[in-house]
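Note that the structure is predicted; figures quoted are calculated from it, not measured. The residues of the chain are indexed from 1 along the displayed sequence. Note that ligands are numbered from 1 as they come in the structure, with each ligand's atoms numbered from 1 the same way.
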Amino acid sequence: MKIAVIGVGYVGLVTSACFAKLGHTVIGADNDKNKIAKLNAGGIPIFEPGLEEIVSDGVKHGRLTFTSNAKEAIKKSDVVFICVGTPPRPDGSADLSSVEKVAKWAAEVMTSYKLIIEKSTVPVKTGEWVKHTIRKNIKRNIPFDVASNPEFLREGTAIYDFLNPDRIVFGVDSEKAKKVLLELYKDIDAPKLVTNINTAELIKHASNSFLSMKISFINAISRICEKAGADVTKIAEGMGYDKRIARAFLNAGPGFGGFCFPKDVSAFIHIADQLGYDFHLLKSVERVNEEQKMFVVEKVVAAIGAVRGKKIGVLGLAFKPNTDDTRFSPALEIVKMLLKQGAEISAYDPEGMENARKSLKGLKTGSDEYAVMKRADALLILTDWEEFRNLDLPRIKKLLKKPVVVDARNLYDPAKMKKAGFKYYSIGR
Ligand code: UGA
């Protein structure tokens, strides 16, 4: 099938490359000319394990091309995936101006049937509005369909998630749209759930909000654990054996971040509000998440006293491991709070330093894990990169001014750290 993917950000680029891998012909379009130039030259604009290989493979076999002319891409395709950004507006609602643009372009260039599919996370009823926008702007009476096919991939494991999903959701209102979608995904073995468009849109917001709720729940439990002298990791394990609960997404930490959860939770609160429901449960999820970041800062202060003039070595800036993404990263927000209180920060992240420095001008970074610890008053771990799990403890002890470690990701065993001579602080243990 000929596919246009409009917007080659995280989801769009992975979608383009994976559909090309599945044998379809894909044109990825983006208005960022630099990004397109980089892609056409064989590079990729983001860090995602395995992505570069499948992009270059698709390009090499002529199944994947990139353009900055979205209208051309739409014109040449039978199926159009909308993968543009839906960033948060100041009031928390989703900004749909880019989605609207794609709908108008589709209306403008359509000469025969096309299926327009939303993959970006959008508020419920956006499909109806996209349909209305196309109908209003289309010149002739050309048949088309709109469908919702939300994406559930995670950054860092994006390709695996796309090709091995737990489920695929098709929100459709015609048999034809359903047939096209089933054909597109025929080589992916996963439960395929067909619903109406509004339901599919809600499944995405409900899923991300539920996962965010799990994280805030365990973070709230971590606070109780500290007051009660209990261990949150054991609680997660004990709860996780119950198949109805499941262990995933019960890791206490500095709060959830990234470009999806924070924005989707606040958009969902907004959507519910507009539909006449006060989603107070989700408001609490958001509140616990904000408090958790401040709690990490308080922990540092409890460990070394007021931070003004003190040097803190920070490990982790990305919002999670295996990505260079620092958008809405709790690590970066915590670093900002510490800097505001007068701390001297030196930070290291395997992939996220460039992005962190872009959004936090003047941020001091080190060349590796150990470089940031030299003569520091404390070491603060904020992202759960695998390489931070097996650090050379005697070396850290020698490098630090005082042997203080605040581990906001619970990467180390408290008993072992104590034995190694550290004053060790973690979350909920
Ligand atoms: C999330 C969802 O997991 C994907 O299914 C979804 O497709 C994606 O959003 C999206 O809407 O595009 P992602 O943002 O890549 O994926 O990251 P996650 O792995 O879900 O992690 C989100 C945040 O939660 C991170 O800050 C992570 O550190 C935190 N987290 C996760 C915890 O604090 N504890 C956990 O137990 C799990």
For this session: For the pair R154 and D161, find out whether any cationic side-chain nitrogen is under 4.0 Å from an anionic carboxylate oxygen.
Result: yes

Exercise. Of Y10, F319, F249, which has the heavy atom at the shortest distance from atom 37 (C) of ligand 1?
Worked result: F249

Seminar exercise, completed: closest protein heavy atom to atom 34 (N) of ligand 1 is N251 O, 3.0 Å

Problem set entry | Verdict with reasoning, W385 to K320, per side chain to side chain contact (heavy atoms under 4.5 Å, CB included) | CA-CA 7 Å; W385 281 93; K320 65 172 195 175; over 6 Å; no

For this session: Return the residue, atom name and 0.1 Å-rounded distance of the protein heavy atom closest to atom 10 (C) of ligand 1.
Result: C260 SG, 2.9 Å

Problem set entry | Neighbour count >12 (heavy atoms, 6.0 Å) for atom CD, E387 | yes

Exercise. Is R327 touching ligand 1 with its side chain, its backbone, both, or neither, if touching means heavy atoms under 4.0 Å apart?
Worked result: neither

Exercise. For atom 21 (O) of ligand 1, which protein heavy atom lies nearest, and how many Å away is it?
Worked result: K320 CD, 3.9 Å

Problem set entry | Between Y185 and F19, ring centroids under 6.0 Å | yes

For this session: Using a 4.0 Å heavy-atom cut-off, say whether F261 meets ligand 1 through its side chain, its backbone, both or neither.
Result: side chain

Exercise. F259 ring centre to K263 NZ or CZ under 6.0 Å, with the angle to the axis within 45°?
Worked result: yes

Problem set entry | N208, portion touching ligand 1 at heavy-atom distance under 4.0 Å | side chain

Problem set entry | Nearest non-hydrogen protein atom, atom 16 (O) of ligand 1 | R154 CG, 3.7 Å

Exercise. If every non-hydrogen atom of T67 is compared with every non-hydrogen atom of A73, which pair is closest and at what distance?
Worked result: CG2-CB, 4.0 Å

For this session: Kindly determine whether E183 and K179 satisfy salt bridge (Lys or Arg N to Asp or Glu O under 4.0 Å), including the steps that lead there.
Result: CA-CA 6 Å; E183 177 65 23; K179 226 177 108 200; over 6 Å; no

Problem set entry | Geometric cation-pi criterion, R409 with F388: 6.0 Å, 45° | no

For this session: Please determine if P330 has a nitrogen or oxygen closer than 3.5 Å to a nitrogen or oxygen of ligand 1.
Result: no

Problem set entry | N-O pairing of D278 and K283 below 4.0 Å | yes

Problem set entry | Subset of ligand 1 atoms that lie under 4.0 Å from at least one heavy atom of G257 | 22 (C), 23 (C), 25 (C), 26 (O)

Problem set entry | Those atoms of ligand 1 less than 4.0 Å from some heavy atom in R409 | 28 (O), 33 (O)

For this session: List the closest protein heavy-atom neighbour of atom 5 (O) of ligand 1: residue, atom name, distance to the nearest 0.1 Å.
Result: F152 O, 2.7 Å

For this session: Among all protein heavy atoms, pick out the one at the shortest distance from atom 7 (O) of ligand 1; state its residue, atom name and that distance to 0.1 Å.
Result: L153 O, 2.6 Å

Exercise. Would you call K204 and D264 a salt bridge, taking side-chain N to carboxylate O under 4.0 Å as the test?
Worked result: no

Exercise. More than 12 heavy atoms of other residues, nucleotides or ligands under 6.0 Å from OH of Y277: is that the case?
Worked result: yes

Exercise. Going by the atom numbers of ligand 1, which of them fall below 4.0 Å from some non-hydrogen atom of L250?
Worked result: 36 (O)

Exercise. Who's closest to atom 32 (C) of ligand 1 heavy-atom-wise, of I218, L382, N219, I215?
Worked result: I215

For this session: Could you list the atoms of ligand 1 found under 4.0 angstrom from a heavy atom of E155?
Result: 15 (O)

Exercise. With backbone taken as N, CA, C and O and side chain as the heavy atoms from C-beta onward, which portion of K214 lies under 4.0 Å from ligand 1: side chain, backbone, both, or neither?
Worked result: neither

